[in-house]
J.: 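Dumping the structure here so I can ask a few things about it.
Reminder, nothing fancy here: chain letters follow the sequence lines and each chain counts from 1. In this text the structure is predicted, and so the values were computed from the model without any measurement.
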Amino acid sequence: MQLNQFLIMQHEVLLTIVLIIIMISELNFSTKNKSKVIGFSTFLFGIVTVIGFLPSQTGVLFGGMYKNTDLTILMKNILNLGVFIVFLQSAEWLRKPINQDKISEFYLLVVASLIGMNFMISSGNFLMLMIGLELATIPVAALAAFEQFNNKSAEAGIKLILLSAFATGISVFGVSIIYGINGTLYFTELSSGSLATLGMIFFFSGLAFKISIVPFHLWTADVYEGAPVNVTSFLSVISKGAAVFILMIVLLTVFKTNQGEWVWIIYATAVLTMTIGNLFAIRQQNLKRFLAFSSIAQAGFIFMGVIGGDQAGMTAVVYFVLIYAFSNLAAFGVIASISNASGKELISDFNGLYKTNPKLSLVMMIALFSLAGIPPVAGFFGKFFLFTSAASGGYYGLVLIGAINVTISLYYYLLVVKAMFINKSESPIQTFKSDGMMRVGLVICVIGIIMVGFASQIYEYIYSLSLVI
Amino acid sequence: MIEAIPLTHWLTLSTLLFFIGVYGFLTRSNLITILISIELILNAVNINLLAFNKYLYPEALEGHFFSLFVIAVAASEAAVAVAIFINLYRNINTVEVEEVNKMKY
């Protein structure tokens, strides 16, 4: 193996270098200047994000353990971009005096988790997949318990680490059965049979936990509420997006021969996820819990693209995750900046927000419209392609249920918009100015939400890449 | 020696161990015992992998390697989990699941 072959895994190598640089540079900042780590790390990560978009090599490494295609590179770039926005939005929160002594830990844990996700997406072997999955999950549990004097934060960390370890156990039990049938851990097509189905179900339930599909969703709301807002946005966008990508890849390569069976599993879980996620979202008062259930419902919509199973379905999933990342990060950004300024996180606290903070309420409105799928913004196009791919597969029942659920979701998203624009409040949140990095992050999100919908080149570009997996 | 034990015995053992782990995870009320239940599940996986490797595919060692990594992952998970338990214990002076209930619907 030659040294330049390592350039195939360019994203992972760059992220590892960033990890080491942040770790060393933390020693050079004195205790007074610790907050300089924020600007430094964000700048460094921005450079890596830009380099990621440059054309890079594709290929197979380590005897098929690791493989990079154009599509996986695009997925990694989407995740990089999402993490960059999370970094921009978390600067204000990290500058608080209570976080003074653990600023660089935030960056280290997030980057470590991102490396795990990248390896997971590129894996060609169940061993690599399992290690990537664990590297992606364990740092996130530490992040959820980040606020060490906050009981809720510790509780969120405990719920996340125990349940994700449990899910991993179930998932690797499935892998061991698959190994027993196939005799290899490489992603070769599995033979069909009842034992193969059993292994697939075990493996699927482990990954479904990470995406918070309905029978495995109970941790989501609690962890999202307890964790700090910026960690929640990382969990709901980056973590979930990576798990969706790898689930799609595994279903379409390893379990290709078992498609007749997993189609119905996906069908049932998609219906349950959409319906239960939407119905529980209606009765939430806390905005983080509200967005947790809304993100559960969105995962149900994503499954409509997976069930299509063809090139258009894959494109629809990647495209929707890109839009979902921008919209959800914008919504969480607004919540984070309001939480930083006033500590308020309830929907009723948003009453009369338009009077005091018109720009923030506009951003929130665009984000919620995109999540609900109202035409001028990108969310509509994302949902449109997901529905199209399910319909072209002949799953009209699923499309009908999806359409009903979109209508339900419109109701609760508009409740928040109504609270901001129409409801009166005697003590609205005071006018405040969020810091520069937060504003840059929100502007990138809004540009993304509007641009991705109108620039059809983006969809066509993803479509051309989806041909080769 | 070991060949005298048929493969089905190993698989029965690992399946039993797996479900004992699941049962313990769902019913125990102490966080540490819940963690032990997870270790049981992961050890069931290891037995499965090693038995399959030894009896069905002895020409390669993939199952052995996988089980080594499962052990490493289990250790790192336990480390982070125990760190979070200690953090919680400093805040509320208990590691019982019943007390970890600030957030419910």
J.: Which residues in residues 61-70 of chain B have any heavy atom closer than 4.5 Å to a heavy atom of chain A?
T.: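 So the qualifying residues are B/E62, B/G63, B/F66, B/F69, B/V70.
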J.: I'd like to know which of A/G226, A/P139, A/A221, A/A165 tops the heavy-atom pair count under 4.5 Å against chain B.
T.: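 Most pairs with chain B among the choices: A/A165.
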J.: Only pairs of heavy atoms separated by less than 4.5 Å count here; which of B/I92, B/N46, B/L42, B/N53 has the most with chain A?
T.: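 Of the candidates given, the most pairs with chain A belong to B/N53.
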J.: I'd like to check B/E77 versus A/I138 (side-chain heavy atoms, cut-off strictly below 4.5 Å). Are they in contact?
T.: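 Yes - at least one pair of side-chain heavy atoms lies under 4.5 Å apart.
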J.: Does the side chain of B/F85 reach to within under 4.5 Å of the side chain of A/L162, using non-hydrogen atoms?
T.: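 A side-chain contact under 4.5 Å exists here.
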J.: Using a distance-only test with no angle check, is there a side-chain donor-acceptor pair under 3.5 angstrom linking A/Q284 and A/Y412?
T.: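 No donor-acceptor contact under 3.5 Å links the two side chains.
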J.: Could you grab the distance from atom CG of A/L218 to atom CZ of A/F209, nearest 0.5 Å is fine?
T.: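 Separation between the atoms: 10.0 Å.
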J.: Under 4.5 Å from any heavy atom of chain B, what part of A/I178 do you find: side chain, backbone, both or neither?
T.: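 Nothing of A/I178, per the 4.5 Å heavy-atom cut-off to chain B.
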J.: Heavy-atom distance under 4.5 Å to chain B: side chain of A/N125, backbone, both or neither?
T.: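 Only the side chain of A/N125 comes within 4.5 Å of chain B.
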J.: Determine whether more than 12 heavy atoms belonging to other residues, nucleotides or ligands lie under 6.0 Å from atom CD1 of B/I20.
T.: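 Enclosed: over 12 neighbouring heavy atoms sit under 6.0 Å from CD1 of B/I20.
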J.: Assess whether a salt bridge exists between A/K288 and A/E225, defined as any Lys/Arg side-chain N lying under 4.0 Å from an Asp/Glu carboxylate O.
T.: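 Between A/E225 and A/K288 there is no salt bridge, as every charged N stays at least 4.0 Å from the carboxylate O atoms.
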J.: Checking A/E134 against B/S76 for the side chain to side chain donor-acceptor pair (under 3.5 Å) test, could you report, in this order, the C-alpha distance in whole Å, the side-chain angles of both residues, the deciding distance, and whether it holds?
T.: CA-CA 9 Å; A/E134 285 311 295; B/S76 54; 6.0 Å; no
J.: At their closest point, which heavy atom of B/A44 faces which heavy atom of B/S14, and how far apart are they?
T.: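 Heavy atoms of B/A44 and B/S14 come nearest at CB-O, 3.2 Å.
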J.: Could you please state which residues from residues 110-118 of chain A sit under 4.5 angstrom from chain B, measuring non-hydrogen atom to non-hydrogen atom, sorted by number, or 'none'?
T.: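 Hits under 4.5 Å: none found.
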J.: Using a strict threshold of under 4.0 Å (side-chain N to carboxylate O), is an ion pair present between A/D222 and A/R289?
T.: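 Salt bridge present between A/R289 and A/D222.
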J.: Tell me, out of A/A144, A/G183, A/S164, A/S153, who's got the most heavy-atom pairs with chain B below 4.5 Å.
T.: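 Sorted descending by pairs with chain B, the first entry is A/G183.
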J.: Report, as yes or no, whether the 6.0 Å neighbourhood of atom NZ on B/K54 holds more than 12 heavy atoms from other residues, nucleotides or ligands.
T.: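 Open.
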J.: Under 4.5 Å from any heavy atom of chain B, what part of A/I170 do you find: side chain, backbone, both or neither?
T.: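 Contact with chain B is through both the backbone and side chain of A/I170.
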J.: Determine the interplanar angle of the A/F173 and A/F202 rings, folded into 0 to 90°, and report it as parallel if under 30°, tilted if 30 to 60°, perpendicular if over 60°.
T.: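 Ring orientation of A/F173 relative to A/F202: perpendicular.
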J.: Got a second to check how far A/I131's CD1 is from A/F126's CZ, nearest 0.5 Å?
T.: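 Taking CD1 in A/I131 and CZ in A/F126, the distance rounds to 13.5 Å.
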J.: Give the member of B/V22, B/L56, B/L11 that has the highest number of heavy-atom pairs under 4.5 Å with chain A.
T.: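 Most pairs with chain A among the choices: B/V22.
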J.: Which bit of A/T184 is near chain B, if near means a heavy-atom gap under 4.5 Å: side chain, backbone, both or neither?
T.: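 Contact with chain B is through both the backbone and side chain of A/T184.
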J.: From A/I296 CD1 over to A/L272 CG, what is the distance, rounded to the nearest 0.5 angstrom?
T.: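 One gets 12.0 Å once the value is rounded to the nearest 0.5 Å.
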J.: Can you tell me how far the CG atom of B/L50 sits from the CH2 atom of B/W10, to the nearest 0.5 Å?
T.: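 Nearest 0.5 Å value for the CG-CH2 distance: 9.0 Å.
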J.: Between B/I41, B/L35, B/I84, which has the largest tally of heavy atom pairs under 4.5 Å with chain A?
T.: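 Among the listed options, the one with the most contacts to chain A is B/I84.
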